[in-house]
Structure formats: structure tokens, C-alpha cells
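Heads up: the structure comes next, in C-alpha cells.
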Amino acid sequence: MSDTVTIIDNRTGKQYELPISYGTYPHYGASIEALALRKIKVDDDDFGLLSYDPGFTNTAACSSTITFLDGERGILRYRGYPIEELAANNSFLDVAYLLSKGELPDPAASESWADQICHHRMLHEQIKKFMDGFHHTAHPMGILVGTVAALSTFYPEVKEVRDAETRTLEIFRLIAKMPTLAAFAYRHSQGLPYAYPDDDLSYVGNFLSMMFKMTEQKYRPDPVLERVLDVIFTLHADHEQNCSTSSVRSVGSSLADPFVAVAAGCAALYGPLHGGANEQVLRMLREIGSKKKIPEYIERVKEGEVRLMGFGHRVYKNYDPRARILKELAPEVFSVTGSNPLLDIALELERIALEDDYFVDRHLYPNVDFYSGIIYQAMGFPVAMFPVLFAIPRTSGWLSQWQEMLEDEEFRISRPRQVYTGEDQRKKNALAAA
Ligand code: ACO
């Protein structure tokens, strides 16, 4: 057996042998180089074969050592550690360190990493001015996209993306400042004064303080909610080459700075098919309103009138492991916040859908967004903040991927091909001919 694939071009009868490369697992990620297809030509004038893949359903755009995801088996690992283990045993900031550096930190490294991030949490006072320029009805995710991009203008050295030391500094800044921007965006929309970072609190505890602190001297986050949100941040920290991550890589591949690359990631995450889905799940559950209306809604989904939001995934064709962890965490949250009737509707909807052939045949299972919205709502986050809550932890994954891309010896600017199906050159048009 040889590690090659043979292709016969029936137009010419010619035979081509293309080498197969492997990643860590021989049965997952075997690939041929797309450029090898270009040798397959009818004649010398022929450009050669392209692979055609709208939506990149079967195209590997890079090799990566960060996240492994096997959607058929419902496996998600960061740097080799199962997501279940990390969620149970490690803080989000240690997971961010793992994603960035490849290893979990020892206690000293963990402390110094957390200190650096703590140190960079403040925003330049000018940022409040352009934050104030947004209308009070502005969606906080729109504010986040704009303000994170604008941060790029505050740090002239940010253009030095080839310099490893500068990259590390920008990684600290971005992981540190995203929660501050997010909380400021929320408080602006509520007409509340901005709450500054509190150095005594953890990464998540401080975020909760900047969000919800009112007139009290010191905000004390509920320890259960603080821990659950920390776990949720871990679950959202990375997810290999999804829409937002590939946007960050794509923008970063032009050597644009990481602030604008992260802004592109936020923009991609804003869409309802990606980070906006949990917002849609909540709207859907409210629209359904009661358990008895579920069968009627399922029929509408099957008719193709609406989608069951929070169900289905491009990669997971088995249960999303993050959804399982969130489903288990939900009762802990409700033990603190009181019950949420939408959870009962969600559980029943999941039960009915998972017994229905329409969903079973299409391998449609709950994804991470199915339960996250209900949990966020119970914690007091308004719906518009849901995609923002996704963007905060995902920043660590985006930046790890961005850093990996810049250090990759195969690095090139992102530039997909197309198959042109428009007009051939036309006759001179009437105006030009006159
Ligand atoms: N409800 C009903 N039917 C669905 C759903 C859904 N949520 N998702 C997919 N399908 C059906 C499609 O209609 C299609 O059926 P068909 O073969 O009869 O035409 C089939 O399943 C395949 O669907 P695609 O759209 O081809 O799947 P794709 O991989 O392109 O889409 C996506 C994945 C966008 C996530 C899709 O499942 C979806 O729209 N889900 C709802 C939105 C959502 O929850 N997004 C969050 C994803 S997780 C994240 O981004 C963090």
C-alpha cells in the first residue's frame, strides 16, 4: 500500500499519482495538496483543475496544533486535553495560556500570566469618548466591533506583527481589554456610568463587576455564577477553523494588526448562523412559549419555514460536547438565580427533536448555543450581550490561531480561487461604439 491516490483524467486518459499527507491521526485529516490538482490539464494552455468547495466544507486551509475536533465522535480537545477535563479542572485564563503557548502553566507562570492580563485591563480614557458617540440603542456587538478596531489606533507598535515580543504584548492587551470594552458597551446602552476594573477580582469576577456593579463600594460576584461563567468561557475559547477564526486568519494574513483582525472575528461572530445563534434560540423559545406548542413548531421546522436554532453544526454530526457540559451546568445556575421556564421548553424541545427522523437523519443535535442563552439570561445578561459573551473568550483562541499562522513556514496571504461563470468578453457596448 502506498500513501498516494491515483486519478485518471477521462478527458485525456492520463493518470496522475498524488501524495497523501497526514496529521496526527491517519484516519482523520488525510489530505492531498490542492495545488497538485493543477497538474491535471487537457493541454498546455489549460490552467489545470481547481477543487470547488463553497463554504469550505472539505478544505483544510492550514495545519494547526491548537484544537482537535472530531465532529463524528463528538470530541473536542485543546492542545490534546479533552474539553471536559479542562472545564472541570482549569481556569479560563490557564486555558487561554494553554491555547497560546501549547502547555498548561505551572503555578508561577499562571500567576504571572494573570498579572499581565490584570495589568492591561484599563482602557484609554479617549475610548470612552467614542463609546459615548454610539446611539444608546446601538447593539453592543456593533459597538464592540467598532471599538476593538479603533484600539488599533492607540498603539503605534501594533503594526509590528512580525515581532514576537510585540505580538505577546498585543495578546495581553486584547485578552485583558475585551471584557472592559464589552462591559462599557453594555453600560452605555443602559445609560449607566462605566465601572472600572477591580484588581482584587478574577478575570470573570471583574467582568461581572464591570457589568453589574451599581452604587455598592465593592461588587462581590456570586461564586457559583463566577465559576459557571469561567467554565463557559473555557468552552468558547477556541473551535479550530470556524467562520470567525478563519476571518481572523484571513484578515491577519495580510499582516493587518491583531486589533482589526479580532474586529473581523467579532463581525463574523455577530451573524445569527454563528455567535448570534443563542440570541435566536432565546427568541425561538419565547415564541414557542409553552411545551404544548412544541410539536406545532417542529412541524414548521420540517416544512422549511424556520430553523430550529441551536441545532445542527457544520462539523458536529454527533452531540456537541460543549452543549452536554452546559446542560449539566444549567441546574447549578438556576439553584442560585431561580428557575427559568424556558429551560423546561428547551429540554422538551430537545427530547422531541432527538426522537424525530427529520433531525436524526440529518444528524442535527443541540449545539453550544442551545443552552448558553438560557444560562446567560438567568445570570442577568440581556440578549444583545450574548454574542459579546462569546467574543470575550474566543479572543484567546483567535489570537492563538493568528500567532500560529504568522509563525507557520507555509504562511501566505489568504486568497481563494473562484470558478468564473459570468459572460465571456462581450461585443463593444453601444455607448462605447458611438
Ligand atoms: N433546523 C432545521 N433544519 C436544519 C438545521 C436546523 N437548525 N440545520 C440544518 N438543517 C437541515 C438543512 O435544512 C439541510 O436539510 P436538507 O438536506 O433537507 O436541505 C440539512 O439539515 C443540512 O443543513 P446545512 O444548512 O447544509 O448544514 P450546514 O453545515 O451548512 O449548516 C448550521 C450548519 C449553519 C450551523 C445550521 O445547522 C444552522 O443553521 N443551525 C441553526 C443556527 C445555529 O444554531 N448556529 C450555531 C452554530 S454553533 C456556533 O456557531 C457556535
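FYI, side chains are in, hydrogens and waters are out, and symmetry mates aren't considered; it's all heavy atoms of this structure. One-based numbering, in listed order, for ligands and for the atoms of each. Note that this is a predicted model, so its numbers are computed, not measured.
Protein heavy atom nearest atom 2 (C) of ligand 1, with residue, atom name and distance: V301 CG1, 3.5 Å. Among protein heavy atoms, atom 3 (N) of ligand 1 sits closest to Y358 OH, 3.1 Å. In terms of protein heavy-atom proximity, atom 35 (C) of ligand 1 is nearest to G312 O, 3.8 Å. The protein heavy-atom contact nearest to atom 49 (C) of ligand 1 is D369 OD2, 3.6 Å. Protein heavy atom nearest atom 48 (S) of ligand 1, with residue, atom name and distance: H313 CD2, 3.6 Å.
In this structure the side chain of S372 never reaches within 4.5 angstrom of the side chain of F390, judged on heavy atoms. Counting heavy atoms from C-beta on, the side chains of D94 and L98 never come closer than 4.5 Å.
Under 3.5 Å, the side chains of N90 and Y97 contain no donor-acceptor pair of N or O atoms. With hydrogens and angles left out, the side-chain atoms of D70 and Y25 include no donor and acceptor closer than 3.5 Å. R79 and T65 form a side-chain donor-acceptor contact under 3.5 Å, judged by distance and modelled atom types alone.
Close N/O approach between L308 and ligand 1 is found [any backbone or side-chain N/O within under 3.5 Å]. Taking distance alone, with nitrogen or oxygen atoms compared against 3.5 Å, F390 stays at or beyond that limit from ligand 1. At least one N or O atom of R307 sits closer than 3.5 Å to an N or O atom of ligand 1. Of the polar atoms of P272, none of the N or O atoms is found under 3.5 Å from an N or O of ligand 1, judged by distance alone. By the 3.5 Å distance cut-off applied to N or O atoms, N367 is counted among the residues near ligand 1.
Between F381 and F212, the ring planes lie tilted relative to each other; the angle falls in the 30° to 60° range. Classified by interplanar angle (parallel below 30°, tilted 30° to 60°, perpendicular above 60°), the ring pair F311/F370 is perpendicular.
Of all atoms in ligand 1, listed by their number and element, those nearer than 4.0 Å to a heavy atom of L273 are 39 (O), 45 (N), 46 (C), 47 (C), 50 (O). Annotation for ligand 1: atoms under 4.0 Å from non-hydrogen atoms of M309 are 42 (C). Atoms of ligand 1 found under 4.0 Å from any heavy atom of A277, numbered from 1 in the order shown, are 43 (C), 44 (O), 45 (N), 46 (C). Ligand-side atoms of ligand 1 in range of G310: 43 (C), 44 (O), range being under 4.0 angstrom from any heavy atom.
Under a 4.0 Å N-O distance rule, the pair R249/E404 qualifies as a salt bridge. Using a 4.0 Å cut-off between charged nitrogen and carboxylate oxygen, D198 and K213 do not count as a salt-bridge pair. E279 has a carboxylate O that lies under 4.0 Å from a charged side-chain N of R283, or vice versa, which qualifies the two as a salt bridge. Electrostatic pairing of E170 and R173 counts as a salt bridge here, judged by a charged N lying under 4.0 Å from a carboxylate O.
Selection from H274, H239, K302 by nearest heavy atom to atom 50 (O) of ligand 1 gives H274. Across the listed options V281, V368, L364, L269, L364 owns the non-hydrogen atom lying nearest to atom 8 (N) of ligand 1. Between the choices R322, R314, H363, the shortest heavy-atom distance to atom 28 (P) of ligand 1 belongs to R314.
Inside a 4.0 Å radius of atom 26 (O) of ligand 1 there is not any protein heavy atom. In this structure, atom 40 (N) of ligand 1 has protein heavy atoms in its sub-4.0 angstrom surroundings.
Residue contact annotation: F370 has no non-hydrogen atom under 4.0 Å from ligand 1.
Contact annotation: for R362 versus ligand 1, heavy atoms closer than 4.0 Å belong to the side chain alone. Proximity of Q280 to ligand 1, defined as any heavy-atom pair under 4.0 Å, is not found for any part of the residue.
In this structure a side-chain-to-backbone donor-acceptor pair under 3.5 Å is present from N242 to E240.
Between F259 and F154, the gap from one ring centroid to the other reaches at least 6.0 Å.
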